[in-house]
Amino acid sequence: MHAVKQVALFIRTNLWIVPLALLLAWGLFRFLDPAPPRTLVMTTGGESGGYHGFGLALQQRLAEEGLTLELRTSSGSVENLQRLSDGSGEVQLGLIQSGTTSLIEPAQRAELEGLAAIYHEPLWLFQRRGADISRLADLHGRRVSVGAMGSGTWAVVHSLFSQLGDQLGAADVAAGNWQRLSARDSLEGLRSGELEAAFFVLPVSNTTVRQLLADPDLELVNLEQTEALAARLPFLDTLSIPEGLLDLERNVPAERTRLLSPVATLVVNEAFHPALASLVLKATTDVLRQGSLLDPPGAFPAATPMELELTGEAAYYHEHGLPMLQRYLPFWIASIFDRYVVLLIPFIVIMLPLLKSMGPLYTWRMRARVYRWYADLRRVDKLIHNGSIHQVLEREIANLVKLEDELTRVDVPLSYAHELYSLHLHVGYMISRLRQMEESSAVASTDSGTGM
């Protein structure tokens, strides 16, 4: 029974830590990142294009993980960039052709980060058969389509010719030799002979690419200096197309052919919840597992080539794979654990010294239950010292007797009992001292009366 009373006393003494812990937990919850949303909005491309096709496959895979992916069609990379960087947060994820971020303002580009490169989008250079083009410099003075203004094709071509000197491309555009045409118009121009060559940035499965490859009057340019150009433009990769890869029956290309290739990249803005990065990347890995004609299985998603900095979570995924908990638990459960581990660490760091203070505080509290009575003894002692005790002698004796009676009802743990009994002795000593002074005063008064 005594032990129970002491435990209750210990708890009452340290009840202050409960509201403090609750306040601390509330503060940490208040500033902790919110749980990942269950809906994500992605901007893709035209409904018949490769970007939207990838978005549909990703949408299906993420639905299996409990995440709803809403798709927004667009005209392509430039519109996707505008949507992601407009500050509204309505779209959080998008597909961007590498090399096109140069078309937006640096302040807008600073708001974007990358998740991964997901597949090659080769820069095809087709020529009229016999045009004898092998280097970029050979295009000077020729009738060439360099892609529509603001398109991904134009962004890459402009970057390439900037490595050879801006005046080369500017002069041909000004002279009307280089025309900024869409892919469809470029195809028609090549077929009619109005163009000698044309650039296209399209996936290998695109219908326009198949039509270009099938036309006997056109041929794919085996471009030289590709490694040198890719080394200067980090958003580009180099591809070596083996003989016959694109069309075995017609043996296209007729020889190993070198291409430059931007990549389609997954890009996010500040509205994207970072915890979703691993989920999106794992789903992307599953979608791209089989690879394609130009991309071997397992090649994508990849950390390079990228022109935007990767998010921290994406960089971890590319280096280490899924976070540890997500390898063994469903994403949403692992996400809860991750968030509360982040919460628990600072909570423990702050609470540990507070918990350590409970013992010393309890010791101080128990001693205070005894030591506070010494204030009365010290007050009486001062009265004795300054000689004013005689006027209040009876009252102080009565107060000390009352104090002694109260001390018998003070409850302290056995480990502090010696301090309580020491106080008893000191109170008893002071009562005895005052009574002696009272008797001496009474004797002195009697002697004084007798003398009279």
Q: Applying side-chain contact (heavy atoms from CB on, under 4.5 Å), name anything that partners I241, two or more places apart in sequence or on another chain.
A: L239, L245, L246, P253, T257, L259, L294
Q.
Other residues, nucleotides and ligands only: do more than 12 of their heavy atoms fall within 6.0 Å of CD on E309?
A. no
Q: State, yes or no, whether a side-chain contact exists between P122 and L260 at a heavy-atom distance under 4.5 Å.
A: no
Q) So do L181 and L195 actually touch side chain to side chain, heavy atoms under 4.5 Å? A) yes
Q.
Using a strict threshold of under 4.0 Å (side-chain N to carboxylate O), is an ion pair present between R61 and E65?
A. yes
Q. Which atoms form the tightest heavy-atom contact between T265 and M306, and what is the distance?
A. CG2-SD, 3.6 Å
(Q) If I compare all heavy atoms of G152 with all of T100, which pair ends up nearest, and what's the gap? (A) CA-CG2, 3.5 Å
Q: Mind running side-chain contact (heavy atoms from CB on, under 4.5 Å) on V41 and R72 for me, showing each step along the way?
A: CA-CA 7 Å; V41 182; R72 306 274 178 88; 3.7 Å; yes
Q. Between CG of N269 and CD of Q92, what distance do you get to the nearest 0.5 Å?
A. 6.5 Å
Q. With a 4.5 Å limit on heavy-atom distance, are the side chains of Y119 and V263 in contact?
A. no
**Q.** Nearest-0.5 Å distance, NZ of residue K282 to CZ of residue F331
**A.** 13.0 Å
Q: Taking all non-hydrogen atoms of both residues into account, name the closest pair between D237 and P305 and its distance.
A: OD2-CD, 4.0 Å
Q | Pair E196-Q127, side-chain donor/acceptor within less than 3.5 Å | A | no
Q: Please report the shortest heavy-atom distance between V156 and P262, naming the atom on each side.
A: CG2-CG, 3.7 Å
Q | Side-chain donor/acceptor of N80 to backbone N/O of T44, under 3.5 Å | A | yes
Q: Mark yes or no for whether R258, through its side chain, and E227, through its backbone, hold a donor-acceptor pair below 3.5 Å.
A: no
Q. For E90, does its backbone N or O pair with a side-chain atom of R83 as donor and acceptor, under 3.5 Å?
A. no
**Q.** E224 side, atom CD; S134 side, atom OG - distance, nearest 0.5 Å
**A.** 4.0 Å
Q.
The criterion is side-chain contact (heavy atoms from CB on, under 4.5 Å); which residues satisfy it with T39, sequence neighbours excluded?
A. T68, E70
Q) Which is it for S278 and Y316 under the side-chain contact (heavy atoms from CB on, under 4.5 Å) test, yes or no, and what are the steps along the way? A) CA-CA 9 Å; S278 58; Y316 181 92; over 6 Å; no
Q) Would D286 and R289 pass as an ion pair if we require N to O under 4.0 Å? A) yes
Q. When rounded to the nearest 0.5 angstrom, what distance separates CZ in R129 from CD in E219?
A. 4.5 Å
Q. Do you know which two heavy atoms are closest between S186 and A198, and how far apart they sit?
A. CB-CB, 4.0 Å
Q | Student check: side-chain heavy atoms of L115 and T284 closer than 4.5 Å | A | no
Q. Within the distance-only criterion (no hydrogens, no angle test), does the side chain of Q59 pair as donor or acceptor with the backbone N or O of L69 below 3.5 angstrom?
A. yes
Q. Between Q108 (side chain) and E105 (backbone), is there a donor-acceptor pair under 3.5 Å?
A. yes
Q | Side-chain touch F199/L123, heavy atoms, less than 4.5 angstrom | A | yes
Q. Passes side-chain contact (heavy atoms from CB on, under 4.5 Å), D247 versus L213? Steps please.
A. CA-CA 8 Å; D247 190 329; L213 292 171; 5.9 Å; no
Q.
Are L202 and W124 packed together at the side-chain level, in the sense that at least one heavy-atom pair is separated by less than 4.5 angstrom?
A. yes
Q) If only atom types and distance count, is the side chain of N177 paired as donor or acceptor with the main-chain N or O of H140 below 3.5 Å? A) no
Q: Report the residue from V268, L81, I96 that forms a side chain to side chain contact (heavy atoms under 4.5 Å, CB included) with L112.
A: L81
Q: Would you please test D138 and D132 for side-chain contact (heavy atoms from CB on, under 4.5 Å) and show each step?
A: CA-CA 8 Å; D138 295 337; D132 196 26; over 6 Å; no
Q: Using a 4.5 Å cut-off on heavy atoms from C-beta on, say whether the side chain of L95 contacts that of M42.
A: yes
Q) Do side-chain atoms of R180 reach the backbone of V146 as a donor and acceptor pair under 3.5 angstrom? A) no
Q: Would you give the length of the straight line joining atom CG of L187 to atom CG of L212, rounded to the nearest 0.5 angstrom?
A: 5.0 Å
Q: Using a cut-off of 6.0 Å, state whether more than 12 heavy atoms not belonging to Q211 lie near its atom CD.
A: yes
Q. Looking at side-chain heavy atoms only, is the closest gap between W332 and P36 below 4.5 Å?
A. yes
(Q) So does D215 get a backbone contact from the side chain of R191, meaning a donor-acceptor N/O pair under 3.5 Å? (A) no
**Q.** R143 side-chain N/O to E194 backbone N/O, donor-acceptor pair under 3.5 Å
**A.** yes
Q: Could you pull out the closest heavy-atom pair between R327 and L322, with the gap in Å?
A: NE-O, 2.8 Å
Q | Approximate separation, where rounding is to 0.5 Å, of F200 CZ and S151 OG | A | 11.0 Å
Q: Answer with yes or no whether the side chains of R256 and S240 bring together a donor and an acceptor at under 3.5 Å.
A: yes
Q. Just by modelled atom types, is the S98 backbone N or O under 3.5 Å from a matching donor or acceptor in the T101 side chain?
A. no
